[in-house]
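Scroll down for the structure; my scribbles are underneath it.
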Amino acid sequence: MTSSHSTFRAKGIGKKNTDGSWLFRNVDIEMSQGVLTIAGPSGVGKSTLLKCINQTIVMDEGQLWLDDKTPEQWGIPTWRSRIMYIPQRTAMLEGTPLDFLERVHSFAVHRRAKTTYADPIEIALDWGIRPELWHSRWNTLSGGEMQRISLAIGCSLQPDILLLDEPTSALDEESCAKVEKTLSQVNCIWVTHNPQQAKRISSAGHLNMRGGDHDGSQSPTPTPSRGGEVDEESRSTNTANP
Ligand SMILES: Nc1ncnc2c1ncn2[C@@H]1O[C@H](COP(=O)(O)OP(=O)(O)OP(=O)(O)O)[C@@H](O)[C@H]1O
């Protein structure tokens, strides 16, 4: 797998709740290489932020760039193929993972963007996914199998940045370690609820979301305290509290 080094920037990203209050606001991110981790309480807007970055949800404030070009300048389908979102839970799909892969490869934007991809079956094999599982129907796969297959497809398409929403939440410790090892070579923004995982994988900074009017910008790699929480020093540099 190769990693490209395009620069992604987000400036002043904000999203409102339906009542007009701010879910989060003033989120700044800059990264070109490595793993940027995002943490924060449940419901603070981590998944929504990833969807805003991927342009599947319209944000209320802020601007995004990849190599100094906005999503509109890239064109939204190209943007989404370069900054690719892998959801927390795969929607129940028809058919098998191989059927899905065939469909993804047939999208014009993917055909144009890259002529060769990595082999997702090989990537997933390293994570304990037997090749025959690619022929199984999605609805017969376990949560952990679905999670690894979706991740392997995302990795194989070699986007500039992968947006990962708790990508190891359904995995046992051993599978999680294998996935972390592979993904440490990929440029990604990774939402995690696990402070120890954030500490292990964060190589391009950390964003601790608090929600509300002022959310903040990334800080250097988080330092979990003995209790496993992100420590106060790291917390205070991550965010400006409302
Ligand atoms: N398109 C949208 N517009 C406005 N608010 C939304 C939208 N989609 C989801 N929300 C709301 O945003 C809030 C945060 O949800 P989100 O899933 O982003 O949180 P999260 O921090 O990822 O939570 P968790 O850690 O539990 O996965 C929820 O109250 C949800 O209803």
Side-chain angles (χ1 to χ4, degrees), residues 8 10-29 31 35-64 70-72 76-77 79-80 83-92 142-144 146-148 150-151 154 161-172 176 179-180 183 188-202 204-219 222 224 227-230 234-242:
F8 167 71
K11 183 83 190 141
I13 305 304
K15 180 70 193 166
K16 284 181 178 170
N17 292 306
T18 44
D19 67 1
S21 61
W22 289 100
L23 175 61
F24 56 79
R25 199 179 188 190
N26 297 324
V27 173
D28 298 336
I29 294 173
M31 67 169 291
V35 180
L36 172 85
T37 48
I38 298 181
S42 197
V44 80
K46 302 178 297 297
S47 303
T48 305
L49 173 62
L50 294 189
K51 289 175 195 166
C52 287
I53 292 173
N54 178 248
Q55 297 278 282
T56 39
I57 288 184
V58 178
M59 54 202 196
D60 292 304
E61 258 185 7
Q63 189 57 62
L64 306 167
T70 65
E72 294 74 24
I76 299 300
W79 178 269
R80 289 185 186 147
I83 301 192
M84 188 176 290
Y85 175 62
I86 310 287
Q88 196 171 346
R89 278 175 291 277
T90 312
M92 202 45 82
S142 76
M146 274 194 244
Q147 200 163 41
R148 280 172 287 175
S150 309
L151 268 177
I161 296 181
L162 267 175
L163 304 173
L164 304 175
D165 202 348
E166 300 184 52
T168 59
S169 59
L171 303 186
D172 60 72
C176 177
V179 169
E180 283 184 10
L183 293 181
C188 56
I189 299 180
W190 181 322
V191 168
T192 177
H193 274 289
N194 180 334
Q196 300 296 347
Q197 182 176 58
K199 162 80 172 147
R200 277 196 305 274
I201 60 178
S202 168
H206 179 74
L207 174 69
N208 198 25
M209 290 182 74
R210 307 296 290 273
D213 265 10
H214 303 281
D215 217 294
S217 52
Q218 70 199 63
S219 75
E229 293 294 319
V230 173
S234 172
R235 203 187 289 287
S236 64
T237 53
N238 292 340
T239 59
N241 295 336

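These numbers come from the heavy atoms of this one structure, side chains and all, not from hydrogens, waters or symmetry mates. Remember, it's 1-based here, ligands and their atoms both numbered in the order they're listed.
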Would you say the side-chain atoms of Lys46 pair up with the backbone N or O of Met209, donor to acceptor, closer than 3.5 Å? no
Among all protein non-hydrogen atoms, which one is nearest to atom 14 (C) of ligand 1, and what is the separation to 0.1 Å? Gly43 O, 3.3 Å
Hey, is Asn17 one of the residues with a heavy atom under 4.0 angstrom from ligand 1? no
Looking only at distance, does Ser42 have an N or O less than 3.5 Å from an N or O of ligand 1? yes
Any protein heavy atom < 4.0 Å from atom 29 (O) of ligand 1: no
Could you tell me if Asp19 and Ser21 have a donor-acceptor pair between their side chains, going purely by distance under 3.5 Å? yes
Which residue owns the protein heavy atom closest to atom 12 (O) of ligand 1, what's the atom, and how far is it? Leu23 CD2, 3.4 Å
For residues Ser169 and Gln147, is any side-chain donor paired with an opposing acceptor at under 3.5 Å? yes
Quick one: does any side-chain atom of Thr37 pair with a main-chain N or O of His206 as donor and acceptor, under 3.5 Å? no
Against ligand 1, does Val44 come closer than 4.0 Å with any heavy atom? yes
Backbone N/O of Leu162 and side chain of Trp190: donor-acceptor pair under 3.5 Å: no
Give the residue and atom name of whichever protein heavy atom lies nearest to atom 1 (N) of ligand 1, and the separation in Å to one decimal. Ile57 CD1, 3.4 Å
Any Lys51 heavy atom less than 4.0 Å to ligand 1: no
So, is Gly45 polar-close to ligand 1, with some N/O to N/O distance under 3.5 Å? yes
Which residue and non-hydrogen atom of the protein lie closest to atom 5 (N) of ligand 1, and at what distance in Å? Lys16 O, 4.3 Å
Walk me through whether Glu72 and Gln55 qualify under side-chain contact (heavy atoms from CB on, under 4.5 Å). CA-CA 10 Å; Glu72 294 74 24; Gln55 297 278 282; 4.0 Å; yes
Using a 3.5 Å distance criterion without hydrogens, assess whether the side chain of Arg80 forms a donor-acceptor pair with backbone atoms of Ile76. no
Tell me whether Thr48 has any N or O atom under 3.5 angstrom from an N or O of ligand 1. yes
Judged by atom type as modelled, is there a donor-acceptor pair below 3.5 Å linking the side chain of Asn26 to the main-chain atoms of Gly14? no
Check: Val191 and Gln88 side chains under 4.5 Å, non-hydrogen atoms: no
Are the side chains of Phe24 and Val44 in touch, meaning some heavy atoms are under 4.5 Å apart? no
Considering only non-hydrogen protein atoms, determine which one is nearest to atom 21 (O) of ligand 1 and report residue, atom name and distance to 0.1 Å. Lys46 NZ, 2.8 Å
Would you mind checking which non-hydrogen protein atom is closest to atom 3 (N) of ligand 1, with the distance to 0.1 Å? Lys15 CE, 3.3 Å
Please could you name the atoms of ligand 1 that Pro41 approaches to less than 4.0 Å, counting only its heavy atoms? 21 (O)
In ligand 1, the atoms that come under 4.0 Å of a heavy atom of Gln88 are 27 (O)
